[in-house]
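Quick note: numbers below take in every heavy atom, side chains included, and nothing from hydrogens, waters or symmetry partners. Along the sequence shown, residues carry numbers from 1.
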Amino acid sequence: MTDPQNIITIPGAIRNAIIDKVIFSPEGLTIRRSFSFGRKTFIPGNSIAAFRFGLVPLKFSRFTIGNQYFIEIRDFNCEIFRITLNTYNSTHRRQYYGIWAGLLQSLWDHYLSNQLSYYTELYNIRQFFELAGVTFHSDGITWDNSQSIPWNKITVKSYQNYFIVYHTDHPELCKYCLFSLQWNAVILQSLLKDIIEVNKRVPKSSV
């Protein structure tokens, strides 16, 4: 039996909303869609490889008529599942934003926080790996063949739709990471922030 707290319902006040209900369970994620004769999509939790999310304007001709909040989930077979919430003008904008944020939090709590733990362990053993376009080496990070940034020289500045990672002493050495574009950018952001906090507690002579 599914715990009611793991069910997020999307109200049908806007009748072209494509989703009625999203159900989170230990086994996986179920998306039940409107106007599809009971059709539902099930994504096994252990098949979820990455996600990204964002906000894009809805346009008609040259005019913006609303916003679309979206979440994209990619499995290990590179199949992409998209959840969208459309708001027109100011109708239900605050309500749909809250639902969108709740979906993201539930997705993180049920399936993606374990990925952060996995990458944290790789960092702890100084294992080589790549995450959201950033490559982790034994002594620091790089991207796009850039100069390496040592662990104790990483700085992150966060904004609503993206974050910037850069060299503390050379801010021109920087990378912009958009949550709507880079897969698992928010996992990278969390990992880098944890690394920064760890290095704040390490004596300089030990770094």
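Q105 places no side-chain N or O within donor-acceptor distance of the main-chain N or O of A101, the cut-off being under 3.5 Å. Side-chain N or O atoms of Q189 include none that pairs as donor or acceptor with a backbone N or O of L192 at under 3.5 Å. S146 contributes no side-chain N or O that, together with a main-chain N or O of T142, makes up a donor-acceptor pair within less than 3.5 Å.
Every residue was checked against the salt bridge (charged side-chain N to carboxylate O under 4.0 Å, His left out) condition with E79, not counting sequence neighbours, and none meets it. Residues satisfying the side chain to side chain contact (heavy atoms under 4.5 Å, CB included) criterion with Y97, sequence neighbours excluded, are Y69, W100, Q160. Under the salt bridge (charged side-chain N to carboxylate O under 4.0 Å, His left out) criterion, D169 pairs with K153, not counting sequence neighbours. Applying the salt bridge (charged side-chain N to carboxylate O under 4.0 Å, His left out) test to E197 and every residue at least two apart in sequence or in another chain returns K200. Applying the salt bridge (charged side-chain N to carboxylate O under 4.0 Å, His left out) test to R52 and every residue at least two apart in sequence or in another chain returns E72.
Under 3.5 Å, the side chains of K193 and S158 contain a donor-acceptor pair of N or O atoms.
Between Y119 and F129, the ring centre distance stays below 6.0 Å.
In this structure, R93 forms no cation-pi arrangement with Y96, as its terminal cationic atom is not both closer than 6.0 Å to the ring centre and no more than 45° off the ring axis.
Atom CD1 of I7 and atom NZ of K21 lie 5.5 Å apart (nearest 0.5 Å).
V56 forms part of a hydrophobic cluster together with F70, judged by ILVMFWY side-chain heavy-atom separations under 4.5 Å.
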List the steps, then state whether side chain to side chain contact (heavy atoms under 4.5 Å, CB included) holds for Y176 with L181.
CA-CA 11 Å; Y176 288 74; L181 183 61; over 6 Å; no

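The shortest non-hydrogen separation linking Y159 to I164 is CE1-CD1, 3.9 Å.
Residues F81 and F51 fail the side-chain proximity criterion, which asks for heavy atoms closer than 4.5 Å.
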